[in-house]
Amino acid sequence: MPIELDPFERRILQVLQEDASMPTARLGEMVGLSSSPCWRRVDRLEKEGVITRRVALVDRQKIGLNAHIFAQIKLNAHGRANLDEFAAAIRSFPEVLEAYVLMGVFDFMLRIVAADIEAYERFFFTRLSKLPGVQEINSTVALSQVKATTALPIP
């Protein structure tokens with residue numbers, strides 16, 4: 001069930017998605033609240049699980065992760081245990097940034113980063129393709145990024 005948000009909380013979420021390091025006093029100014037009521041709303045949003053964490057976003061290319069790959073995985077068996085076993089294994093791979101269970105031809109979609117295509121090839125052959133139950137992997141290399149955001153549209 002979605003949490004009921006007032007206009008101040010909606011604006012707080014919009015602003016924090018752009019800069020979560022902002023001091024509460026500045027955040028309050030931007031949303032039209034004094035510091036204490038603003039802090040209480042942020043605290044409530046964190047306790048309710050609306051704000052799940054605050055992180056620094058790192059430019060992958062500036063740290064040498066130049067290859068961005070999307071991999072579609074088909075498992076050879078579709079039982080719950082097989083899905084759970086595969087999901088647990090890929091959670092341990094730092095190269096896998098996101099993983100989704102799919103309906104359709106493939107069972108999983110992974111978003112993967114690597115230093116270059118050769119590094120992805122090593123990851124592919126030594127780790128990903130050796131996971132139990134993997135029948136097929138369809139890898140697609142992203143040439144460039146058109147849009148990237150972590151900000152959700154706040155209704």
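Residue numbers count from 1 along this sequence. For clarity, every value in this text was computed on a predicted model and none was experimentally measured.
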Considering only residues two or more places apart or on different chains, which pairs with a residue in [range] satisfy salt bridge (Lys or Arg N to Asp or Glu O under 4.0 Å)?
| range | result |
| --- | --- |
| residues 116-125 | none |
| residues 18-33 | Arg26-Glu29 |
| residues 88-106 | Glu95-Arg127, Glu98-Arg111 |

Least distance between heavy atoms, [X] atom then [Y] atom:
| X | Y | answer |
| --- | --- | --- |
| Ile112 | Val96 | CG1-CG2, 4.1 Å |
| Thr24 | Ser35 | CG2-O, 3.5 Å |
| Gln17 | Thr150 | OE1-O, 3.6 Å |

Non-neighbouring partners of [X] that pass side chain to side chain donor-acceptor pair (under 3.5 Å), sequence neighbours left out:
| X | answer |
| --- | --- |
| Arg41 | Asp6 |
| Gln14 | none |
| Lys47 | Asp43 |

Please determine whether the number of non-hydrogen atoms from other residues, nucleotides or ligands lying under 6.0 Å from atom CD of Gln145 exceeds 12.
yes

Please table the atom pairs, donor to acceptor, closer than 3.5 Å between any side-chain atom in residues 131-143 and protein atoms at least two apart or in another chain.
residue : atom : partner : partner atom : Å
Asn138  : ND2  : Gln72   : OE1          : 3.3
Ser139  : OG   : Tyr120  : OH           : 2.5

The criterion is salt bridge (charged side-chain N to carboxylate O under 4.0 Å, His left out); which residues satisfy it with Arg10, sequence neighbours excluded?
none

Apart from Leu97 itself, which Ile, Leu, Val, Met, Phe, Trp or Tyr residues share its cluster (side-chain heavy atoms under 4.5 Å, direct or through members)?
Val58, Ile63, Leu65, Val113

Taken in chain and number order and not counting sequence neighbours, the residues that satisfy ring-ring contact (aromatic ring centres under 6.0 Å, His included) with Phe106 are none

Residues at least two apart in sequence or cross-chain that pass ring-ring contact (aromatic ring centres under 6.0 Å, His included) with Phe93, listed by chain then number, are Phe123

With Thr149, which residues qualify under side-chain contact (heavy atoms from CB on, under 4.5 Å), at least two apart?
Lys147, Ala151

